[in-house]
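Below is one structure, written out as structure tokens, with a few remarks after it.
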Amino acid sequence: KAVAEEFNLFGILTKRMSKCNLFEKRLVCVARAVLKKAKIILIDEPLNSLINFEKVGFLQVLFSAISKLSSDIVVAETGENLAYFNGCQIINLDFGVQK
């Protein structure tokens, strides 16, 4: 219940996952990682197909999760928008080789 409250998931808890939108599904995934106390969270294109206010909301949830966990989050993103937040580092890869 504490995690659901923290990530504002109460409206989602009663829904079937097939009825949730993409933003809600991504929030649930981050909340599950927090519940499992994951040491490393890998996320591929988390902002893809989200509209602007959902992107901001998802980033707030993501960085809240980072502060709650003593874990690392690795995000694969085609743009560099995400890397300009506190504590983020850009590593450019070209077919798996660092540029």
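Note that the structure is predicted; figures quoted are calculated from it, not measured.
Counting only heavy atoms from C-beta outward, the side chains of Leu22 and Glu54 never approach each other to under 4.5 Å. Leu42 is listed as a side-chain neighbour of Ile40, based on a closest heavy-atom distance under 4.5 Å. Contact check for Val28 versus Cys20: no side-chain heavy atoms found under the 4.5 Å cut-off.
A distance of 6.0 Å separates CE of Met17 from NZ of Lys25, quoted to the nearest 0.5 Å. Atom CG of Leu9 and atom OG1 of Thr14 lie 11.0 Å apart (nearest 0.5 Å). The line from CD1 of Ile41 to CZ of Arg32 is 12.0 Å long, rounded to the nearest 0.5 Å.
Counting heavy atoms of neighbouring residues, nucleotides and ligands inside a 6.0 Å radius, atom NZ of Lys36 does not exceed 12 of them.
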Subject >> Steps toward side chain to side chain contact (heavy atoms under 4.5 Å, CB included) verdict (Arg26, Ile43) >> reply: CA-CA 10 Å; Arg26 290 181 184 176; Ile43 305 174; over 6 Å; no
